[in-house]
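Down below is the structure, laid out as structure tokens.
Position 1 is the first residue of the sequence; numbering continues from there. Fair warning: this is a prediction, and the values are worked out from it, not measured in the lab.
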Amino acid sequence: EFGSWLEALCRQMGNDDAGDLVNRYRKLNDCGSWLIFREYFEHPNHPIKLAKARFCQQPLWCTFCAARRSIKCCRSARNKVMGFLEQRRRLRLFPYMLTITSRDNDNLTEMCDEQFAAWSRWLERRRNYKKSIETKSSRPRAWCELSAIAGGIMSWEVKRGSGSKQWHLHAHGVVMAPFVKDMDDHKERYANLVREWSDCLGYEANLDFRYIKNGLDKGLLEVFKYALKANELEHADHLHAAIALGRRRLVRGWGDLYGFKEPRDYADDLTGLENE
């Protein structure tokens, strides 16, 4: 439906005025036009894999690519996290879910600028504190609760607020932190995180931090389930959000998980199968 609406809009505007939208629509219209699956009969499990396909690689515009993005991000992040936990076994770190948000806003670009800038400030505070401790500075920086977390992978999501109907931006992240069993200690950690995040934004804001009880895989599915909740948006809002978010990094690794990148190959991984 969005593709048909976008085509009509391009025709209404004319190719010269539509500019990039025409190319976007053409790629979107051709996405998924052919798929190549391979079944590996000689493999014990007889897996069927999506070996190749026509992808437009526009996950903010295309629901097919959005679904493939979610799957690939989950698998890649799981490998990254499990490898990290194996290397840092002695630290006894466990996966937690960190969710940050800010005030809803009619201006999506302004809201994104505000939240991403606040997140950068928070990470800078964490770096400054850790650096002052590592260098044994005579004037160490103030304690930053985020420094107690080894690292994580964050993914930003946008939708319309159910109550306000304004734009709502938030990020879920799987983060690695020492397990806190005592409820009072957990409440103190949570209160410190809320205070620091609010301080970085400049006003009181919501935040959630909880141990992932149902396993890492379900936690990652929550993190990467969508970047743009397109099925709940009017087509004009979908177009506006896709353009506004198009040049932003919506998936970011930080701390000891810094360097995690959103996968760009949406086909299945055939490693170990091609030579079976």
Side-chain angles (χ1 to χ4, degrees), residues 2-3 24 26-98 150-157 171-176 179 211-231 249-276:
F2 176 66
R24 293 282 189 182
R26 288 172 178 169
K27 290 180 181 179
L28 182 63
N29 189 51
D30 201 31
C31 187
S33 57
W34 57 265
L35 308 170
I36 297 178
F37 290 91
R38 291 180 183 173
E39 183 173 3
Y40 296 86
F41 296 101
E42 296 182 1
H43 191 279
N45 298 324
H46 302 291
I48 299 176
K49 296 290 185 178
L50 178 60
K52 295 182 181 179
R54 173 79 74 182
F55 296 113
C56 68
Q57 293 188 311
Q58 304 178 114
L60 294 176
W61 301 72
C62 173
T63 53
F64 180 48
C65 286
R68 297 301 301 175
R69 169 192 179 272
S70 177
I71 293 170
K72 298 294 286 186
C73 280
C74 283
R75 290 176 178 171
S76 183
R78 188 183 192 281
N79 292 337
K80 181 82 172 179
V81 170
M82 293 304 293
F84 168 79
L85 291 175
E86 181 66 24
Q87 294 174 4
R88 308 294 201 281
R89 187 181 298 179
R90 62 182 178 80
L91 298 180
R92 295 185 59 78
L93 298 171
F94 296 85
Y96 281 78
M97 178 74 74
L98 172 65
I153 301 173
M154 307 292 292
S155 178
W156 272 263
E157 306 169 356
H172 293 301
V174 169
V175 302
M176 304 297 110
F179 182 70
Y211 177 67
I212 299 176
K213 297 180 179 179
N214 297 325
L216 178 61
D217 289 343
K218 289 189 177 181
L220 290 172
L221 285 173
E222 177 69 19
V223 170
F224 295 112
K225 63 182 178 181
Y226 68 88
L228 186 63
K229 213 163 188 178
N231 62 330
R249 280 195 305 122
L250 299 179
V251 175
R252 305 184 183 192
W254 59 277
D256 288 348
L257 291 174
Y258 178 79
F260 176 83
K261 294 182 179 179
E262 182 179 329
R264 296 298 179 183
D265 183 6
Y266 291 170
D268 287 335
D269 184 8
L270 305 180
T271 302
L273 294 173
E274 289 295 277
N275 296 324
E276 289 288 343

Distance-only donor-acceptor pairs under 3.5 Å for side chains of residues 29-39, two or more places apart:
from: D30; atom 1: OD1; to: S33; atom 2: OG; distance (Å): 3.1
from: D30; atom 1: OD2; to: R54; atom 2: NE; distance (Å): 3.2
from: S33; atom 1: OG; to: D30; atom 2: O; distance (Å): 2.8
from: R38; atom 1: NH1; to: E274; atom 2: OE1; distance (Å): 2.7
from: R38; atom 1: NH1; to: E274; atom 2: OE2; distance (Å): 3.2

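- Under the side chain to side chain contact (heavy atoms under 4.5 Å, CB included) criterion, N45 pairs with H43, P47, not counting sequence neighbours.
- Applying the side-chain hydrogen bond (donor to acceptor under 3.5 Å, both in side chains) test to E86 and every residue at least two apart in sequence or in another chain returns R89.
- Inter-residue side-chain proximity for L221 and C74 is flagged as met; some heavy-atom pair is nearer than 4.5 Å.
- Looking at residues two or more places apart in sequence or on another chain, you find a side-chain hydrogen bond (donor to acceptor under 3.5 Å, both in side chains) between Y226 and E157.
- Here the straight-line distance linking atom CD1 of I71 with atom CG of L50 works out to 9.5 Å at 0.5 Å rounding.
- Between L28 and Q58 the shortest heavy-atom distance is N-NE2, 3.7 Å.
- Ring pair F179/Y96 is tilted by interplanar angle, where 30° to 60° counts as tilted.
- Taking both residues in full, the closest heavy atoms of A51 and L270 are given as CB-CD1, 3.9 Å, listed atom of the first, atom of the second, then distance.
- In terms of the salt bridge (charged side-chain N to carboxylate O under 4.0 Å, His left out) criterion, R92 has no residue partners (sequence neighbours excluded).
- Evaluation of the salt bridge (charged side-chain N to carboxylate O under 4.0 Å, His left out) rule for K52 yields no partner, not counting sequence neighbours.
- K225 pairs by the salt bridge (charged side-chain N to carboxylate O under 4.0 Å, His left out) definition with E222, not counting sequence neighbours.
- Residues that satisfy the side-chain hydrogen bond (donor to acceptor under 3.5 Å, both in side chains) test with W156, not counting sequence neighbours, are Q115.
- Listed by first then second residue, pairs satisfying side chain to side chain donor-acceptor pair (under 3.5 Å) with a partner in residues 249-260 number zero, not counting sequence neighbours.
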Under 3.5 Å donor-acceptor pairs involving side-chain atoms of residues 59-70, not counting sequence neighbours:
from: R68; atom 1: NE; to: Y266; atom 2: O; distance (Å): 2.9
from: R68; atom 1: NH2; to: Y266; atom 2: O; distance (Å): 2.8
from: R68; atom 1: NH2; to: D268; atom 2: OD1; distance (Å): 2.8
from: R69; atom 1: NE; to: E262; atom 2: OE2; distance (Å): 3.0
from: S70; atom 1: OG; to: F224; atom 2: O; distance (Å): 2.7

Subject >> Worked verdict on Q87 versus L85 for side chain to side chain contact (heavy atoms under 4.5 Å, CB included) >> reply: CA-CA 5 Å; Q87 294 174 4; L85 291 175; over 6 Å; no
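- Applying the side chain to side chain contact (heavy atoms under 4.5 Å, CB included) rule to P95 yields the partners V174, M176, I212, L216; only residues at least two apart in sequence or on another chain are considered.
- Checked against side-chain hydrogen bond (donor to acceptor under 3.5 Å, both in side chains), D217 has the following partners two or more places apart in sequence or in another chain: R78.
- Here the shortest heavy-atom pairing between M154 and L98 reads CE-O, 4.1 Å.
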